[in-house]
Amino acid sequence: NSSASGRRPRSTASRMTRCSASADSPVTAALRSSSASSGSRKKSPLMLAVAIRPENLLYCFLGAMIGTLIGVLLVATVLSAQTTDVAVNAVTPGLFARYPDAVSLAAADPAEVEVLIKRTGFYRAKTRSIIGLAQALVEHHAGEVPPRMAELVKLPGVGRKTANVVLNSWFRFPAQAVDTHIFRVGNRTGLAPGKTVLAVEDKLEKRVPQPFRRDAHHWLILHGRYVCKARKPECWRCIVSDLCRFKPKTPEPGSVAKAA
């Protein structure tokens with residue numbers, strides 16, 4: 001996503017800070033309309049979305065892997081568990097150069113795979129998972145990744161979140177891949193409260209307007225990473241803070257001192 005002109009791109013956080021949420025923004029309008037039609041804000045759940053332009057974001061959930069072979073996407077998503085995008089992006093070029101498809105990965109030497117993915121952490125368990133899922137794809141699906149949740153979650157190392165990432169990013173289904181950021185944002189804001197990942201996913205399916213469902217989880221992940229942060233949400237930068245149930249709102253740094 002670097003600029004073709006050679007200029008250094010602005011950081012994601014910087015771009016998000018500059019995103020506008022005008023009164024006639026389609027996302028903002030849909031949210032306010034939904035809130036108004038459901039009655040009092042105090043009694044009804046509030047809708048939330050991030051009214052930002054996707055082209056201005058340096059979204060990198062799987063780095064350069066999205067848009068390549070679906071098997072690469074699936075394996076990279078398994079590797080992304082409890083690690084950073086930087087680590088995944090560092091190991092995947094070497095891994096897929098050595099094992100470019102399910103057939104070759106299914107026959108891989110576990111010791112060699114462990115060396116290649118060690119940087120991602122939990123590399124022994126991840127090695128078992130990705131070799132196992134490659135073997136399952138070869139044995140049961142002719143080496144192809146199935147486009148159905150029920151079959152995806154049967155693959156070693158593939159849970160509901162990973163399956164939803166594949167369904168959304170490759171098969172273009174409006175699936176909601178609930179990670180730690182979305183789980184936090186859903187509960188903190190009141191958009192999709194729930195004690196389990198599945199409960200939050202179900203609420204998102206019901207409350208996110210249809211035109212935004214395919215991209216909603218990308219936006220919410222970014223919002224959780226860069227604005228609605230785990231330790232301290234940056235409410236003064238949030239473009240939908242008036243729709244959010246979180247209280248007390250975090251003041252802008254220095255505002256208290258200035259007031260005093």
Side-chain angles (χ1 to χ4, degrees), residues 30-31 34-35 38 41-50 59 61-62 73-85 88 120-122 125-126 128-130 132-133 136 145-210 212-233 235 238 240-241 243-247:
L31 296 178
S34 175
S35 295
S38 61
R41 287 183 180 176
K42 294 182 179 180
K43 295 181 180 180
S44 55
L46 303 180
M47 296 297 294
L48 174 69
V50 184
Y59 177 70
F61 186 70
L62 294 174
L73 170 61
L74 178 59
V75 171
T77 309
V78 173
L79 294 178
S80 72
Q82 299 185 47
T83 191
T84 63
D85 295 332
V88 174
T120 66
F122 303 97
K126 289 180 180 179
R128 290 193 296 271
S129 292
I130 64 176
L133 76 83
V145 177
R148 290 169 291 278
M149 171 68 73
E151 294 176 338
L152 284 169
V153 296
K154 291 179 181 179
L155 299 172
V158 178
R160 191 170 184 89
K161 186 196 82 172
T162 297
N164 274 329
V165 168
V166 172
L167 291 173
N168 181 287
S169 298
W170 187 267
F171 293 109
R172 304 186 66 81
F173 294 153
Q176 305 302 317
V178 178
D179 71 346
T180 183
H181 298 296
I182 294 183
F183 188 82
R184 178 178 68 255
V185 170
N187 278 282
R188 179 183 278 169
T189 62
L191 168 64
K195 294 183 179 181
T196 66
V197 168
L198 183 57
V200 172
E201 181 184 328
D202 288 342
K203 290 286 179 61
L204 288 173
E205 292 284 352
K206 295 175 182 177
R207 295 179 177 173
V208 174
Q210 182 62 44
F212 312 115
R213 284 184 188 169
R214 177 149 193 279
D215 294 315
H217 89 274
H218 298 299
W219 295 335
L220 291 171
I221 287 172
L222 286 167
H223 191 63
R225 280 185 181 177
Y226 300 110
V227 180
C228 196
K229 300 178 180 179
R231 293 188 178 182
K232 182 182 289 186
C235 302
C238 179
V240 286
S241 61
L243 301 177
C244 173
R245 288 182 170 181
F246 178 75
K247 292 181 180 180

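Just so it is clear, the structure is predicted and the values come from calculations on it, not from any experiment. Scope of the values below: all heavy atoms of this structure, side chains included, with no hydrogens, waters or symmetry mates.
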Of all heavy-atom pairs linking A175 and N164, the shortest is CB-OD1, 3.3 Å
Counterpart residues, salt bridge (charged side-chain N to carboxylate O under 4.0 Å, His left out), relative to R213 (two or more places apart): none
Per the salt bridge (Lys or Arg N to Asp or Glu O under 4.0 Å) rule, what does the pair list look like for residues 187-202, sequence neighbours excluded? R160-E201
Please test I182 against H217 for side chain to side chain contact (heavy atoms under 4.5 Å, CB included), starting from the C-alpha separation and ending with a verdict. CA-CA 7 Å; I182 294 183; H217 89 274; 3.5 Å; yes
Looking at CZ of F212 and CD of Q210, how far apart are the two atoms once the value is rounded to the nearest 0.5 Å? 10.5 Å
Scanning both residues in full, the closest heavy-atom pair of P193 with N187 reads CA-OD1, 3.4 Å
With rounding to the nearest 0.5 angstrom, report the CD to NE2 distance, Q176 to H218. 9.0 Å
Start with the C-alpha gap between T189 and V240, add the side-chain angles, then the distance that decides, and say whether side chain to side chain contact (heavy atoms under 4.5 Å, CB included) holds. CA-CA 10 Å; T189 62; V240 286; over 6 Å; no
Taking the side chain as every heavy atom from C-beta outward, state whether N168 and R214 have any pair of such atoms under 4.5 Å apart. yes
How close do V208 and A216 get, counting heavy atoms only, and between which atoms? CG1-CB, 3.8 Å
If I compare all heavy atoms of T83 with all of K126, which pair ends up nearest, and what's the gap? CG2-NZ, 4.0 Å
Shortest non-hydrogen contact between P147 and L167, atoms and distance: O-CD2, 3.4 Å
With distance as the sole test, does R184 use its side chain to make a donor-acceptor pair with the main-chain N or O of C228 at under 3.5 Å? yes
Return the set of residues passing salt bridge (charged side-chain N to carboxylate O under 4.0 Å, His left out) with E205 (not counting sequence neighbours), or none when no residue passes. none
dist L79:CG -> I130:CD1 (nearest 0.5 Å) comes out at 5.0 Å
Considering only heavy atoms from C-beta outward, does the side chain of V145 approach that of L73 to under 4.5 Å? no
Decide yes or no for F171 and V166: does some side-chain heavy atom of the first lie under 4.5 Å from some side-chain heavy atom of the second? yes
For a 4.5 angstrom cut-off between non-hydrogen side-chain atoms, does L155 reach L74? yes
Ignoring hydrogens, what is the shortest heavy-atom contact between G157 and S129? Give both atom names and the distance. CA-OG, 3.7 Å
Could you measure the distance from the CE atom of M149 to the CZ atom of F173? Nearest 0.5 Å is fine. 10.5 Å
